[in-house]
Amino acid sequence: MSTRTFRITVRGVFDGLDAGQRAELLARASEHDVLQAAFTPEGHLSYDLAARPAFTFRFRDSGEAEEDILAAAERAEGAARAWLSERGYGWKNLRSQAEDLSQAPLGKRQRREAARQDG
């Protein structure tokens with residue numbers, strides 16, 4: 001059985017931040033810029049607090065079976081909650097979306113390369 005790679009996106013909105021928390025997030029905004037976003041095992045947080053209070057965590061996980069994606073999504077949501085709670089940041093509307101990359105459609109270049117290998 002092959003290993004499947006999952007990409008999990010956990011989204012939410014900061015809620016009830018005090019002035020100090022907001023200042024801290026703004027000061028560290030360059031570390032959490034969406035242009036540097038990546039799917040990582042530990043999760044990468046991105047936000048643009050100056051524009052809106054929304055945030056996104058991106059996680060990479062893996063499993064052996066298709067059903068493992070549900071556990072991966074639960075782990076990702078738990079990790080996001082833990083990160084926010086450890087820092088005392090309030091949040092609301094936390095939701096996740098998971099994708100099994102083995103089920104993702106091939107891009108044009110990937111289809112062309114696969115056809116070359118088959119022919």
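Residues: numbered from 1 along the sequence shown. Just the heavy atoms: all of them, side chains too, but no hydrogens, waters or symmetry mates, feed the values below.
One finds the CG atom of Leu25 at 11.5 Å from the CG atom of Asp48 (value rounded to the nearest 0.5 Å). With rounding to the nearest 0.5 angstrom, the CG atom of Asp100 is 11.0 Å from the CZ atom of Arg7. One distance of note links CG of Leu101 with OG of Ser62; it measures 11.0 Å at 0.5 Å rounding.
A salt bridge is defined here as a Lys NZ or Arg NE, NH1 or NH2 lying under 4.0 Å from an Asp or Glu carboxylate O, and Asp68 with Arg4 fails to meet this definition.
The closest side-chain heavy-atom distance from Arg95 to Val10 is not below 4.5 Å.
In this structure, the side chain of Gln21 engages the main chain of Asp18 through a donor-acceptor pair within 3.5 Å. In terms of modelled atom types and a separation under 3.5 Å, the side chain of Arg60 and the main chain of Phe39 share a donor-acceptor contact. The backbone N or O of Phe6 lies less than 3.5 Å from no partner atom in the side chain of Glu99, so there is not a single donor-acceptor pair.
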Trace of the side-chain contact (heavy atoms from CB on, under 4.5 Å) decision for Leu45 with Thr56: CA-CA 6 Å; Leu45 171 65; Thr56 303; over 6 Å; no

Audit row: Phe59, His44, side-chain contact (heavy atoms from CB on, under 4.5 Å) steps and yes/no: CA-CA 7 Å; Phe59 292 91; His44 181 270; over 6 Å; no

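Leu17 approaches Gly90 most closely through the heavy-atom pair CD2-N, 4.3 Å. Between Arg22 and Leu49, the shortest heavy-atom distance links the atoms NH1-CG, 3.4 Å.
Follow the hydrophobic side-chain contacts under 4.5 Å out from Tyr47 and you reach Leu26 in the same cluster.
Looking only at atom types and distance, the side chain of Gln97 has no donor-acceptor partner in the side chain of Thr9 under 3.5 Å away. Side-chain contact, Gln36 with Ser46: no donor N or O sits under 3.5 Å from an acceptor N or O.
Proximity of the aromatic rings of Phe55 and Tyr89 is defined here by a centroid distance below 6.0 angstrom, and this criterion is not met.
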